J.: 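I'd like to ask you about the structure that follows.
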There are 2 protein chains.
Amino acid sequence: MAGEAGASTGRRCPTRRTGRGQATCDRLRRVAACLFVARGYDGVSLDEIVQAAGGSKTNIYAFYGGKEGLFVAAIEAALGEVLRPLTEADTRGLALEEGLTRLGQALIDALLSPKALALHRTLIGETGRFPRLGAAWYAAGPATSQAAFAGFLARALAAGEDAGRAPGDPSEIAVLARLFHDMVAGDLQQRALFETEPAGVAERAAAVAAAVRAVEALVARRG
Amino acid sequence: MAGEAGASTGRRCPTRRTGRGQATCDRLRRVAACLFVARGYDGVSLDEIVQAAGGSKTNIYAFYGGKEGLFVAAIEAALGEVLRPLTEADTRGLALEEGLTRLGQALIDALLSPKALALHRTLIGETGRFPRLGAAWYAAGPATSQAAFAGFLARALAAGEDAGRAPGDPSEIAVLARLFHDMVAGDLQQRALFETEPAGVAERAAAVAAAVRAVEALVARRG
DNA sequence: TATGAACGATACTGGTCGGTATCATTTCAT
DNA sequence: ATGAAATGATACCGACCAGTATCGTTCATA
């Protein structure tokens, strides 16, 4: 409910923010993001954030309207960074197998990173209290990855060796992208989230390879 | 740390539990399961559980050793029930497509049920505090489903129309089962967990159908 | 039925936390 | 420079909560 708007009572949102104020505001958000991601909403107290970031609780109410506003701002800022390596991967000119393998590796490495796992855990627990954040996570996560896969698939299938075939219905490509995403991420992510140790390099590579082989089989069989 | 053992201090664990006591013990666990699953560990107070279930806080310490013990007992009891319809599904004698479709439907319906979603959300948030529960969830969830798929695949491939082929390496079948599981559950489960409305019947059926088609393509191509 | 253990209700304790109030200090526009 | 606004530090309030203590009531067994 509370964004960056002013608090209901007490200190008003400043109309003329100081340079120092802006720095404190940013510092609070960064520190809060670390702590919230690591230990969840209820696991972190405002006093702890203030102690680690400097400033005072007064700032939190002036800048973010309260604990909930700070949480939303901190998480939203952290969301975009998780899949950065995937969206920035350059796959132009790569053949189907090579490009999918590279994208799949980037995805699984991003998803199994400690930060992504912690963010996932924190967000899923707070989707009830902050529905907007849940939707934002899906958009910045699975939806973004699938779009990246679909973009590459469309190019690779249009320009591939079997270019004589149908160029690939967009919806068919979207399904393919979704299946690939799920085959790469599904099980390894679940295990990383619920068990203690995430999968090692070999297991990740094997999962990606299996998913790539499956997509190739689907492509070869498509009519 | 605390199972059903006695509390560290205060009232000791009774050596001769009364009939009424047993009933209260069960009622506490059932009510606690509902509340914990719905609102998480921190979201429920002992007073609330006691008020809803009858009995008194004293029982919680006598029977379960404290809040953590009650949480573990309640969640563990709830774990086994989620995938009941999947493990009880009878697929003997069914062909590949029909059996996979039935199993896939059972899986997705179980995973998207409100109870399973709430349990998933609660557990994932508490995996840090209760690692044992996270592992138990994976074992009772994905691992169980995959085993069910693998069992059916082994039978179907051995007895199928193309029985003349290799009977199917067990590890190959396990990979196939994992891929099928992930293709059925992955995206729809993510969306249900993070967005507000779970997918409808049509979308579920489409996801299952796509996964079944993919498995058929893989089976046809295997060598 | 008598008796000791198990159980239920309730109040209390020590601690934590979100949010507010207060006041001293710093910043910046004039 | 100067004063009004912004910021920092701190104390405080009310609410909540896990866990304990106490005592009256109920049950099971002998």
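Remember, predicted model here, so these are calculated numbers, not experimental data. The figures that follow rest on heavy atoms only: side chains count, while hydrogens, waters and symmetry mates do not. Below, chains carry the letters A, B, ... as their sequence lines are ordered, and counting in each starts from 1.
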J.: Quick one: A:Phe63 CZ to D:dG8 C1', roughly how many Å, whole number?
T.: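 Distance, rounded to whole Å: 11 Å.
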J.: For A:Asp42 and for B:Gln22, locate the closest nucleotide of DNA chain C by heavy-atom distance; then report the residue assigned to the nucleotide nearer the 5' terminus.
T.: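 With A:Asp42 and B:Gln22 compared, the 5'-side residue is B:Gln22.
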J.: Over how many whole Å does the gap from B:Asp47 atom CG to C:dG8 atom C1' extend?
T.: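 Checked: the CG to C1' distance equals 14 Å.
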J.: For A:Ser45 and A:Asp47, run side chain to side chain donor-acceptor pair (under 3.5 Å): C-alpha distance rounded to whole Å, both residues' side-chain angles, the deciding distance at 0.1 Å, then the answer.
T.: CA-CA 5 Å; A:Ser45 74; A:Asp47 288 316; 5.0 Å; no
J.: Looking at every strand, decide which applies to B:Thr18 at a 4.0 Å heavy-atom threshold: base, sugar-phosphate, or nothing.
T.: sugar-phosphate
J.: Return the value, rounded to whole Å, for the distance between atom CG of A:Asn59 and atom P of C:dT20.
T.: 14 Å
J.: Would you indicate whether the side-chain heavy atoms of B:Gln190 and B:Glu195 approach each other to under 4.5 Å?
T.: no
J.: Distance check needed: C:dG19 P versus A:Phe71 CZ, whole Å only.
T.: 14 Å
J.: With salt bridge (Lys or Arg N to Asp or Glu O under 4.0 Å) as the test, would you mind laying out the steps for A:Glu76 and A:Arg132 before giving the verdict?
T.: CA-CA 10 Å; A:Glu76 280 185 339; A:Arg132 181 172 128 209; 3.0 Å; yes
J.: For the pair made of CG in A:Leu70 and P in C:dC17, what is the distance, rounded to whole Å?
T.: 15 Å
J.: Whole angstroms only, please: what is the NZ-P distance between A:Lys67 and C:dT16?
T.: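 The answer, rounded to whole Å, is 15 Å.
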J.: Name the nucleic acid region contacted by B:Val50, choosing base, sugar-phosphate or nothing; use a 4.0 angstrom heavy-atom cut-off, strictly under.
T.: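 Counting heavy atoms under 4.0 Å across all strands, no contact is made by B:Val50.
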J.: Could you tell me the separation between the NZ atom of A:Lys57 and the P atom of D:dT7, rounded to a whole number of Å?
T.: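 Going from A:Lys57 (NZ) to D:dT7 (P), I get 18 Å.
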J.: Which listed nucleotide (C:dT26, D:dC27, D:dT20) is nearest to the side chain of B:Arg20?
T.: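 Taking heavy atoms from C-beta onward, the closest nucleotide is D:dC27.
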J.: Ring centres of B:Phe71 and B:Tyr64 under 6.0 Å apart?
T.: no
J.: Whole Å only: how far is the CD atom of B:Gln51 from the P atom of D:dA18?
T.: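 These atoms are roughly 14 Å apart.
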J.: What nucleic acid atoms does A:Thr58 come within less than 4.0 Å of, heavy atoms only: base, sugar-phosphate, or nothing?
T.: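 Counting heavy atoms under 4.0 Å across all strands, the contact made by A:Thr58 includes a base.
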